[in-house]
Amino acid sequence: MKIVSIVGARPQFIKAAAVSRKLRENHQEILLHTGQHYDYEMSGVFFDGLELPLPDVCLEVGSGTHGAQTGAMLKAIEEVLLAEHPDCVLVYGDTNSTLAGALATSKLSIRLAHVEAGLRSYNRKMPEEINRVVTDHLSDVLLCPSDAAVENLAAEGITKNVHQVGDVMLDVLNWAKERADAKGKELLEQFGVKKQGYLLATIHRSENTDDVERLGEILKAFNTVDEPIIFPVHPRSRKMMNEMGFRPGRNLKLTEPIGYVDMVALTGSARCVMTDSGGLQKETFWLGVPCLTIRNETEWVETVTSGWNVLVGKKVDHLADMVKNIAPPAYRPALYGDGAAAAKCVQLL
Ligand code: UD1
């Protein structure tokens with residue numbers, strides 16, 4: 001088969017790394033990068049670190065409002081699909097690149113497959129939720145990471161060609177673990193921290209970064225935590241923090257966004273992670289590190305019900321106490337598959 005895979009934002013490079021490797025064993029893949037993320041720390045570092053093949057097509061769409069960004073991608077993706085005539089298009093996750101890819105593909109009556117189908121936060125204020133709902137309803141093959149995702153689709157009347165394959169991010173994590181172990185010691189020294197002697201934080205969701213008051217509360221809470229915090233700052237957050245004139249406290253170690261293998265190393269050695277990232281909620285779980293999720297709800301509900309992930313919700317001012325008192329149970333169930341999701345995706349395609 002000839003398959004066009006569409007990526008554009010950081011988590012998609014990670015997911016594509018798992019599937020591309022498998023896909024290219026027997027099929028022709030054209031990797032299309034929309035350019036939604038373009039800084040080296042947000043894009044190039046993942047192609048280097050994950051040994052992902054370089055994109056065959058780069059649209060260099062860049063930043064913009066949701067409409068402008070998605071519209072520019074839609075137009076450019078359509079041109080590529082018209083020229084390439086693929087058998088199938090593969091989209092990942094829930095970004096504007098996913099939505100644009102899904103719209104362009106389905107309007108041309110090309111088969112559309114969605115990796116990470118069926119996730120829902122049931123919060124339509126999240127741009128990602130809109131992207132998920134539309135993409136799932138347009139998809140011909142729905143590749144779900146969990147039983148809950150399959151159930152979410154069924155509740156919306158989507159039951160045909162729905163498959164629970166597990167999470168491709170577990171495949172990538174397993175690939176990266178050994179490499180991360182080899183780099184761990186040096187990285188911790190670089191940040192001046194000890195294994196289990198620090199926290200790791202990330203913030204980038206628009207609900208947390210676009211509202212100055214909310215972001216201010218989160219940063220204030222970080223400054224009150226009595227342990228070192230490594231905080232790789234997403235460009236969206238960096239921009240806001242600069243505008244607010246934020247001054248980090250003595251425990252807060254700000255850094256540029258970090259590549260995947262280094263991030264796995266820093267996550268695995270952290271005492272606890274504070275984040276609003278979907279990927280990190282699972283990675284912490286798989287690595288046995290407790291997580292505080294700075295959101296009101298999550299799509300990865302199983303991490304919460306297992307006791308390893310706690311939703312901070314509106315109680316940001318209690319973050320320092322929550323970090324101190326977090327105590328996950330001894331038992332950690334196997335969640336989101338067996339680390340062989342990519343092979344299942346390719347077989348189903
Ligand atoms: C996007 C996705 C989100 C995903 C996240 C991973 C949407 C709606 N959201 O959010 O689902 O979890 O990526 O990071 O698609 N910027 C740079 N350099 C870059 C990339 C972005 O400076 O390399 C700036 C942009 O100018 C923009 C901001 O960061 O102001 C946000 O970028 P955007 O692509 O809108 O979404 P993300 O917040 O990254």
Side-chain angles (χ1 to χ4, degrees), residues 5 7-21 31 33-55 58 60 62-63 92-93 95 97 115-116 167-195 198-205 209 228-239 241 252-270 272-287 289 291 339 342:
S5 300
V7 295
R10 187 163 61 170
Q12 293 166 329
F13 310 137
I14 299 167
K15 289 165 197 154
V19 182
S20 273
R21 257 191 276 282
L31 189 62
H33 186 336
T34 62
Q36 175 168 355
H37 285 173
Y38 44 85
D39 288 341
Y40 179 74
E41 291 82 11
M42 297 292 289
S43 174
V45 68
F46 294 93
F47 286 84
D48 293 345
L50 291 167
E51 296 166 22
L52 187 62
L54 284 178
C58 290
E60 294 178 11
S63 307
Y92 293 90
T95 73
S97 300
V115 175
E116 210 178 73
D167 196 323
V168 296
M169 288 191 91
L170 182 54
D171 303 23
V172 188
L173 183 68
N174 289 339
W175 175 90
K177 258 195 225 158
E178 231 172 84
R179 294 165 172 84
D181 285 348
K183 292 183 81 178
K185 198 164 165 264
E186 187 191 319
L187 260 174
L188 297 195
E189 274 170 16
Q190 199 181 308
F191 282 104
V193 292
K194 296 210 159 54
K195 201 172 161 68
Y198 67 96
L199 312 171
L200 180 68
T202 78
I203 288 290
H204 78 275
R205 294 237 104 84
T209 55
I229 305 176
I230 300 176
F231 180 14
V233 187
H234 187 285
R236 175 200 282 282
S237 316
R238 172 79 69 185
K239 204 166 132 212
M241 285 158 68
L252 205 49
K253 298 169 187 287
L254 303 188
T255 169
E256 293 303 310
I258 289 174
Y260 182 73
V261 172
D262 289 5
M263 198 62 185
V264 170
L266 288 176
T267 305
S269 293
C272 173
V273 171
M274 305 177 285
T275 189
D276 59 4
S277 149
L280 260 177
Q281 290 175 56
K282 295 173 288 173
E283 284 153 356
T284 46
F285 178 84
W286 288 320
L287 293 167
V289 176
C291 183

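Heads up: numbering here begins at 1 and tracks the sequence. These numbers were taken from a predicted model, which means no experiment stands behind them.
- No side-chain heavy atom of L200 sits less than 4.5 Å from a side-chain heavy atom of F191.
- Under the 3.5 Å distance criterion, with hydrogens and angles disregarded, a donor-acceptor pair is assigned to the side chains of Q36 and S97.
- Between the OH atom of Y260 and the CG atom of L173 there is a distance of 4.5 Å, given to the nearest 0.5 Å.
- Just one residue in the list L199, L280, I230 forms a side-chain contact (heavy atoms from CB on, under 4.5 Å) with V273, and that residue is L280.
- Applying the side-chain hydrogen bond (donor to acceptor under 3.5 Å, both in side chains) test to every pair with at least one member in residues 176-186, sequence neighbours left out, gives these pairs: K183-D262.
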Could you list the donor-acceptor pairs under 3.5 angstrom formed between side-chain atoms of residues 39-49 and any protein atom two or more places apart in sequence or on another chain?
residue: Y40; atom: OH; partner: D48; partner atom: OD2; Å: 2.5
residue: S43; atom: OG; partner: H33; partner atom: NE2; Å: 3.0

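- Remark: Y38 pairs with S63 by the side-chain contact (heavy atoms from CB on, under 4.5 Å) rule, at least two apart or across chains.
- Shown here for V261 and W175, the closest heavy-atom pair between the two residues is CG2-CZ3, 4.3 Å.
- Residues forming a salt bridge (charged side-chain N to carboxylate O under 4.0 Å, His left out) with E60 (at least two apart in sequence, or on another chain): none.
- With no hydrogens or angles considered, no side-chain donor-acceptor pair links S237 and T209 at under 3.5 Å.
- Contact between A342 and D171 at its shortest, heavy atoms only, is N-OD2, 2.8 Å.
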(request) Apply side chain to side chain contact (heavy atoms under 4.5 Å, CB included) to V19 and S5, showing your working. (result) CA-CA 9 Å; V19 182; S5 300; over 6 Å; no

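- Taking the side chain as every heavy atom from C-beta outward, E116 and P11 never approach each other to under 4.5 Å.
- For the pair A18 and V172, the tightest heavy-atom approach, listed with the atom from each and the gap, is CB-CG2, 3.5 Å.
- Listed here is the closest heavy atom pair of R238 and V233: N-CG1, 3.5 Å.
- In this structure A265 satisfies the side-chain contact (heavy atoms from CB on, under 4.5 Å) test together with A180, L187, sequence neighbours excluded.
- Between S277 and R205, the shortest heavy-atom distance links the atoms CA-NH1, 4.1 Å.
- Y198 and A270 get closest at one heavy-atom pair: OH-N, 3.3 Å.
- The ring pair (Phe, Tyr, Trp, His ring centres under 6.0 Å) test applied to H234 returns H37, H204, not counting sequence neighbours.
- In this structure, CD1 in I14 is found 4.5 Å from CE in M169, a value given to the nearest 0.5 Å.
- Between the side chain of T284 and the backbone N or O of Q281 there is at least one donor-acceptor pair closer than 3.5 Å.
- L52 has its side chain within reach of L31: a pair of non-hydrogen atoms, C-beta onward, lies under 4.5 Å apart.
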